[in-house]
Number of protein chains: 2
Amino acid sequence: MNPMTAARTTSPADRPQLGLRERKKIKTREAIRTATYALIKEQGYDATTIDQIAERAEVSPSTVFRYFPTKEDIVLTDEWDPILLEELRARPVDEPWPDTVRYVMLKAARMGVKDDLEVARLRTHLLVQVPAVRSRMMESMSVTGRMFCGAIAERTGRDPDSLEVRVYAMSLVGGLLEASMYWAERGHRDDFEDLLDRTLNVLEHGLPRQNPGEKP
Amino acid sequence: MNPMTAARTTSPADRPQLGLRERKKIKTREAIRTATYALIKEQGYDATTIDQIAERAEVSPSTVFRYFPTKEDIVLTDEWDPILLEELRARPVDEPWPDTVRYVMLKAARMGVKDDLEVARLRTHLLVQVPAVRSRMMESMSVTGRMFCGAIAERTGRDPDSLEVRVYAMSLVGGLLEASMYWAERGHRDDFEDLLDRTLNVLEHGLPRQNPGEKP
DNA sequence: CATGAAACTGAGAGTAGCTCTCAAAAACTA
DNA sequence: TAGTTTTTGAGAGCTACTCTCAGTTTCATG
């Protein structure tokens, strides 16, 4: 009942309940993504063309576009928005909102990173290196932001379209993105969960009085 | 000494101190932008091609690209980053940081909007309507964010590359962007300075307890 | 002025992302 | 097995964008 989540860690011969059509679709989708990741690792992002991807994935170029609207989407498509939402809804309603955010964010990070560290690293690396990917990522994060708006509204009885809620949500996703870039820029040396924790602190309480001396 | 600011409200025959070359450059730059704005108003963004812009501006298409790296940049190029920075530096060093931000942001908004309301409206309209423009805008805002990082570091003796500073800066520009979109989405009915004020409140103190009932 | 260096421009060819159409092939349904 | 729907491949076409190169204009000399 959740094709998005099923679509990721893929052992080729499970999901017997789906029709052959669906299974093939999932398979080509993965083939395209795998081919893309491989080619990017070999040649870099810009040097990798859709034709090459299509060739290695053994589909036609038009098929690639039928599965992913843009080249950036092949790398980015985040299937965790619905998961995040689900997680968000599962929290007790009387939990203070900042706590909820912290919990859900941490959980999401844990999933996204632990699930496939290689991919997470490549993604964040591209996030820093390739402007087009960064832009696309910001786009998708603003979508996530809108989702947060809905969640906040649901829980606190606010108007999801109010300026305050939208700004708050935007600063959340923006901070998360910045943390990701920071992580990648420094060669993924830091513990991502720690970065996330510090990020949420800033968003909750503003800048701390002074930096606790930290030069690597 | 500030070509960026000089480049905007343009009466054709001032700036006598610049060489002929510079004056011509500024003139074609403006011609391209004017042509673009006009065409977009007539036909919309996507339907307007570079060739059309070049034709109306009476330059060759290649020249258009020599002046603006992408089509979106013709509409967006914000010449106020340096102004903002200057304004920021002009504030007394002992002023509390949030106050400084508020002052500078308001000033910037006042400039950007009052200076040419027509253009400000068109820009924010495109911001909402055209994904490519939105992306490009986000890109440029992240540049502005880096600038803020520098300013914060300068004033507070912090490391401009620290996670905390970067997250803080990002949430600032993100909030500003969201406010702009909110403004445009609601048909520019609201007072932009008021929106900005509310935005900064959220960023400073988080979400207010409850929405003071506001349905227009 | 005149002459040479430097910058600016136009023309055109080329790449690649992306869209669209149409006919063939595959998968589901009865 | 026959018929309907979905998926696919092939290819044409559009446009943003890059690059090169020759011709012109502006600027700084002697």
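Just so it is clear, the structure is predicted and the values come from calculations on it, not from any experiment. Proteins come first, then strands; the chains are lettered A, B, ... in the order of their sequence lines, and each starts at number 1.
- Aromatic ring pairs are classed by plane angle as parallel below 30°, tilted from 30° to 60° and perpendicular above 60°; the pair B:Trp97 and B:Tyr168 is tilted.
- The NZ atom of B:Lys27 sits 15 Å away from the C1' atom of C:dC8 (whole-angstrom rounding).
- Minimum atom distance to the side chain of B:Lys24 is reached by D:dT26, of the listed D:dT26, D:dT8, D:dA16.
- Aromatic ring pairs are classed by plane angle as parallel below 30°, tilted from 30° to 60° and perpendicular above 60°; the pair B:Trp183 and B:Phe192 is tilted.
- The side chain of B:Lys71 places no N or O atom within less than 4.0 Å of a non-bridging phosphate oxygen (OP1 or OP2) of D:dC17.
- Across all non-hydrogen atoms, the minimal contact from B:Glu139 to A:Pro131 is OE2-O, 4.2 Å.
- Remark: A:Val59, A:Ser60, A:Ser62, A:Thr63, A:Arg66, A:Tyr67 in residues 58-69 of chain A come within less than 4.0 Å of DNA chain D through at least one heavy atom.
- Considering only the side chain of A:Arg21, D:dT5 comes nearest among C:dG17, C:dT9, D:dT5.
- Heavy atoms only, all atoms of each residue included: B:Leu126 and B:Val75 are closest at CD1-CG1, 3.5 Å.
- B:Ile50 has its CD1 atom 11 Å from the P atom of D:dT15, to the nearest Å.
- Using a 4.0 Å cut-off between charged side-chain N and carboxylate O, B:Glu164 and B:Arg158 make no salt bridge.
- Crowding of B:Glu193 atom CD: a count of heavy atoms from other residues, nucleotides or ligands under 6.0 Å exceeding 12.
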